Structure formats: C-alpha cells, structure tokens
Amino acid sequence: GQQLNQSPQSMFIQEGEDVSMNCTSSSIFNTWLWYKQDPGEGPVLLIALYKAGELTSNGRLTAQFGITRKDSFLNISASIPSDVGIYFCAGSGTYKYIFGTGTRLKVLA
Amino acid sequence: EAGVAQSPRYKIIEKRQSVAFWCNPISGHATLYWYQQILGQGPKLLIQFQNNGVVDDSQLPKDRFSAERLKGVDSTLKIQPAKLEDSAVYLCASSPGPAGNEQFFGPGTRLTVL
C-alpha cells in the first residue's frame, strides 16, 4: 500500500538541539496528523493540522501544513532525551489516513 | 476519558493456526480502524468501519483476515490460517468521525507467527 515519504529516515542529535523533519505526498491532503511512537506502544497523537499554511504548536513541538497541501513539517525545539522515538506523519484526503515511513530520532545526552 | 483498549497485548502462534484480536474504541467514536504495522514501517490500514458498516477494506487479505464490528462499538480482527508474514503489530484506532478527525490509537497487539 501507499506510504508517504518522510525525511530524514533517522537522525542522531545532541540534547538541546532543534530538530526538523518533513513528510511529502504526491496527493493533496486536507488533514495532516503527527504522531510519536515509543517501543512497544501505539502511536500517540502530537499535533493535528486542518488548513493549508496552518502553523500549530504543542509545547516544544511546532508543525506546519504546507501551502501546496502535499507536505507537512514538524520541528522540535531544544530536544531532550525523552524525545527519542519514531515520528510518523499521516495525511488524509477523503476518508482514510495514509501514514509516512517514519523518522527515527535518537538524542545523545 | 479512557483510551482505546486492545487485547491481548502479545500473542505467539504457529503458522496455520488461528488468532483473534479485540478492540474497544473510545466511547462515542463512530469510526474504528485496524492497522497492520510491520517492523520498521508505518501503520498500514487493513479495514475501516463507520459505526458497524465497512468503509474501506481494500487492503485486507480477505482469504485469511476477517473483521467485524457488531453493534458499532467493539471490534474483532481474526486471522485464519496465519502465515509467517503476518507477524506484526496490529493496531486499533478510533476517531469521532471519518478521516479529517483526530485519530487515537490503542497500545497494539504484537503477533509472532512461528
């Protein structure tokens, strides 16, 4: 099945650094969701975006709905060790969500 | 508010055996999803229910997988007979309405087929 492209696939960063990742699609979407998944757990919803150009924050996390409606971005500021995990985007055009391939984040203390 | 509940959390079976997973969505959520997540990949939609009707099951291997959502609340996903490639985490999610709404996941069931 189709999966969205997420970049980077994985990254190591130092604690305190800012992180950026993105998600791209060949289709136009009406909704973008960003999730974090820890080992052995289900994905946890971080941010929901509903409008092109929308910028939404949740604590140290900020996500943007791309103007073209084919991409979305997630930024994490001042990373901490508990930010470790896999981040997934999910986009929806009509009635179902398609998930990205994931960005694996590892934070070095 | 209670989240999405799933059971069991882990299951180990031999190939050709049968297995069933159960999901209880967030109260009042009309839409229920079953996803398969293979190690290292994002969740892949298997089936989506709106109340007790199927909205999408285009990626459900219907020769071995079946799912039902009687009474529009709880749901069960069954695999019969299981194959080695069915080893994955099976995630249930729910949302207040169709996609376009926030979607919440349960903890998943990790299936290992030997």
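Reminder, nothing fancy here: chain letters follow the sequence lines and each chain counts from 1. It should be emphasised that the depicted structure is a prediction, and the values quoted were computed from it without experimental measurement.
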Report whether [X] and [Y] are members of the same hydrophobic cluster (ILVMFWY, side-chain heavy atoms less than 4.5 Å apart, transitive linking).
| X | Y | value |
| --- | --- | --- |
| A:Y87 | A:V84 | yes |
| A:M11 | A:F73 | no |
| A:F88 | B:Y35 | yes |
| B:F49 | B:L46 | yes |
| A:I98 | B:V55 | no |

Original post:
What heavy-atom pair brings B:S58 and A:K96 nearest, and what distance separates the two atoms?
Top reply: OG-NZ, 4.1 Å

Original post:
Which pair of heavy atoms, one from B:N101 and one from A:L33, lies closest together, and at what distance?
Top reply: O-CD1, 4.3 Å

**OP:** Name the option with the most non-hydrogen atom pairs under 4.5 Å to chain B; the candidates are A:G42, A:A90, A:G100, A:C89.
**Re:** A:G42

Original post:
Side chain, backbone, both or neither: which part of A:Y35 has an atom under 4.5 Å from a heavy atom of chain B?
Top reply: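 For A:Y35, the side chain is the part near chain B, not the backbone.
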
Original post:
Can you say whether A:Q6 sits under 4.5 Å from chain B via the side chain, the backbone, both, or neither, judging by heavy atoms?
Top reply: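 Neither part.
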
**OP:** Give every residue pair that meets the ring pair (Phe, Tyr, Trp, His ring centres under 6.0 Å) criterion with at least one member in residues 52-98 of chain B, sequence neighbours excluded.
**Re:** B:F21-B:Y90

Original post:
Taking it one step at a time, do A:F99 and B:Y33 satisfy ring-ring contact (aromatic ring centres under 6.0 Å, His included)?
Top reply: CA-CA 13 Å; A:F99 278 76; B:Y33 313 78; 9.1 Å; no

**OP:** Would you indicate whether B:L39, at its atom CG, is surrounded by more than 12 heavy atoms from other residues, nucleotides or ligands within a distance under 6.0 Å?
**Re:** no

Original post:
So with a 6.0 Å cut-off around NZ of B:K62, is the heavy-atom count from everything else above 12?
Top reply: yes

**OP:** Look only at the side chain of B:E102 and the backbone of A:A48, and say whether a donor-acceptor pair between them is shorter than 3.5 Å.
**Re:**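 Looks like no, no N/O pair under 3.5 Å.
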
**OP:** State, yes or no, whether a side-chain contact exists between A:T101 and B:Q41 at a heavy-atom distance under 4.5 Å.
**Re:**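 Side chain of A:T101 against side chain of B:Q41, heavy atoms only: no contact under 4.5 Å found.
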
Original post:
Which one of B:Q6, B:Q37, B:Q103 has the most heavy-atom pairs closer than 4.5 Å to chain A?
Top reply: B:Q103

**OP:** For chain A, find which of B:P43, B:P107, B:G40, B:G108 contributes the most heavy-atom pairs closer than 4.5 angstrom.
**Re:** B:P43

**OP:** Please confirm whether A:Y97 and B:F104 have ring centers closer than 6.0 angstrom.
**Re:**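 Distance test on ring centres: not under 6.0 Å, no.
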
